[in-house]
Number of protein chains: 2
Amino acid sequence: MLNEENKNQIAIFKALADPVRLEIIKYLKEAKEEVTCGEVGKATNISKTSGSYHFKLLQSAGLINARKDAREKYVSLNKSTFDEYITNFYENI
Amino acid sequence: MLNEENKNQIAIFKALADPVRLEIIKYLKEAKEEVTCGEVGKATNISKTSGSYHFKLLQSAGLINARKDAREKYVSLNKSTFDEYITNFYENI
DNA sequence: CGAATAGTTCAAAATATTTTGAACTATTTC
DNA sequence: GAAATAGTTCAAAATATTTTGAACTATTCG
């Protein structure tokens, strides 16, 4: 049976196991600083609605940081989650 | 758009994004040497049929090595795939 | 104020993944 | 050779994920 930590792990792998979200992540890595959801959405060609769904999922997996400023939402990668759950995955299994 | 390498990456994350397969992987990591599908299936409590499905998927993602010897199939982790696609994921994005 | 912009929410439809059981192949044991 | 064992294949059913469009909230601009 799987514990709490394993559930996070699975949520994270699920979040990464999708072409749309992988493109978002690539874009955010290149961007280096926080950018708006709209900017990412335009660059990766996804609808507002679909973007909203994917950003939410990435956020709830802890892979991105998000901050709402008035009309806009700024997002950036949360590197510590990548370090802890992906880079160190094998050794921590 | 995503290239060939990205498709492998997604197949690998998909393979890891499942509780049954994560249990199989844990078992295989502990085992240290190759074991039969039957042994893993008993230990993790999955049906033959379901096991067959999951082992095939792990194999096609390159996460396990498999070798059939007469009636039995021996499986073990393919560490190089973990190293290349998981441990080094962030830096390679 | 009214229109435009950025993003969210909801429910339905479309797709993809997983589980199941029955029937099957191949090998081993009695 | 018959029965048991290890695993595979197939199609159907069950579940889970993703996309879509319409309606919505909140903010900004003229």
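In what follows, every chain begins at residue 1, and chains take the letters A, B, ... in the order their sequences are listed. None of the values given here were measured: they were computed from a predicted structure.
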Undergrad: I'd like to know whether Glu5(B) forms a side-chain hydrogen bond (donor to acceptor under 3.5 Å, both in side chains) with Tyr85(B), so could you lay out the CA-CA distance, the side-chain angles of the two residues, the decisive distance to 0.1 Å, and finally the verdict.
TA: CA-CA 10 Å; Glu5(B) 201 61 355; Tyr85(B) 288 90; 3.0 Å; yes
Undergrad: Between dT15(D) atom C1' and Lys14(A) atom NZ, what is the distance in whole Å?
TA: 10 Å
Undergrad: Can you identify which nucleotide, out of dT19(C), dG7(C), dT18(D), has its nearest atom closest to the Asp18(A) side chain?
TA: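 Closest nucleotide to the Asp18(A) side chain: dT18(D).
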Undergrad: Return the pairing partner of dA22(C) with a 3.5 Å limit on both distances, Watson-Crick or G-U wobble; otherwise return none.
TA: dT9(D)
Undergrad: Is Lys79(B) close enough and on-axis enough to Tyr90(A), meaning under 6.0 Å and within 45°, for cation-pi?
TA: yes
Undergrad: What integer distance in Å separates Tyr74(B):OH from dT8(D):P?
TA: 14 Å
Undergrad: If you take any heavy atom closer than 4.0 Å to DNA chain D, which residues from residues 54-70 of chain A end up in contact?
TA: His54(A), Leu57(A), Ala70(A)
Undergrad: Check the distance between dT20(D)'s C1' and Tyr53(A)'s OH and give it to me in whole angstrom.
TA: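 Value for this atom pair: 13 Å.
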Undergrad: Expressed as a whole number of angstroms, how long is the span from Glu39(A):CD to dA6(C):P?
TA: 12 Å
Undergrad: I'd like to know if the side chain of Thr44(B) and the backbone of Glu23(B) have a donor-acceptor N/O pair within less than 3.5 Å.
TA: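 Checked: no pair found.
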Undergrad: Using 30° and 60° as the class limits, which term best fits the ring planes of Phe89(A) and Phe13(A): parallel, tilted or perpendicular?
TA: perpendicular
Undergrad: So, does the side chain of Arg71(B) form a donor-acceptor pair with the base of dT28(C) at under 3.5 Å?
TA: no
Undergrad: If you assign each of Gly51(A) and Ser47(B) to its closest nucleotide in DNA chain C, which residue comes earlier from the 5' end?
TA: Gly51(A)
Undergrad: Given atom CD1 of Ile46(B) and atom C1' of dT8(D), what is their separation to the nearest angstrom?
TA: 14 Å
Undergrad: Give me the one residue out of Ile24(A), Val75(A), Leu57(A), Leu16(A) that meets side chain to side chain contact (heavy atoms under 4.5 Å, CB included) with Leu63(A).
TA: Leu16(A)
Undergrad: Sort and list the pairs that fulfil salt bridge (charged side-chain N to carboxylate O under 4.0 Å, His left out) and have at least one residue in residues 59-73 of chain A, not counting sequence neighbours.
TA: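 Residue pairs passing salt bridge (charged side-chain N to carboxylate O under 4.0 Å, His left out), neighbours aside: Glu34(A)-Arg67(A).
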Undergrad: Just the rounded figure in Å: distance from P of dT17(C) to CD1 of Ile10(A).
TA: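 Whole-Å distance recorded here is 16 Å.
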Undergrad: Under 3.5 Å, is there an N or O donor on one side and an acceptor on the other linking the side chain of Lys48(B) and the base of dG7(D)?
TA: yes
Undergrad: My understanding is that only residues two or more places apart in sequence, or in another chain, count here; which of them pass ring-ring contact (aromatic ring centres under 6.0 Å, His included) with Tyr53(B)?
TA: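 For Tyr53(B) there are no ring-ring contact (aromatic ring centres under 6.0 Å, His included) partners, ignoring immediate neighbours.
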Undergrad: Among dT19(C), dG7(D), dT20(D), which is the nearest nucleotide to the side chain of Lys73(B)?
TA: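 Nearest to the side chain of Lys73(B) among the choices is dG7(D).
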Undergrad: May I ask you to evaluate whether Thr49(B) reaches the phosphate of dG21(C), defined as a side-chain N or O under 4.0 Å from OP1 or OP2?
TA: no
Undergrad: CG of Leu16(B) versus P of dT18(C): gap in Å, rounded?
TA: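 One finds 12 Å between P of dT18(C) and CG of Leu16(B), rounded.
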Undergrad: Would you kindly give the CZ-to-C1' distance between Phe13(A) and dT17(C), to the nearest whole Å?
TA: 18 Å
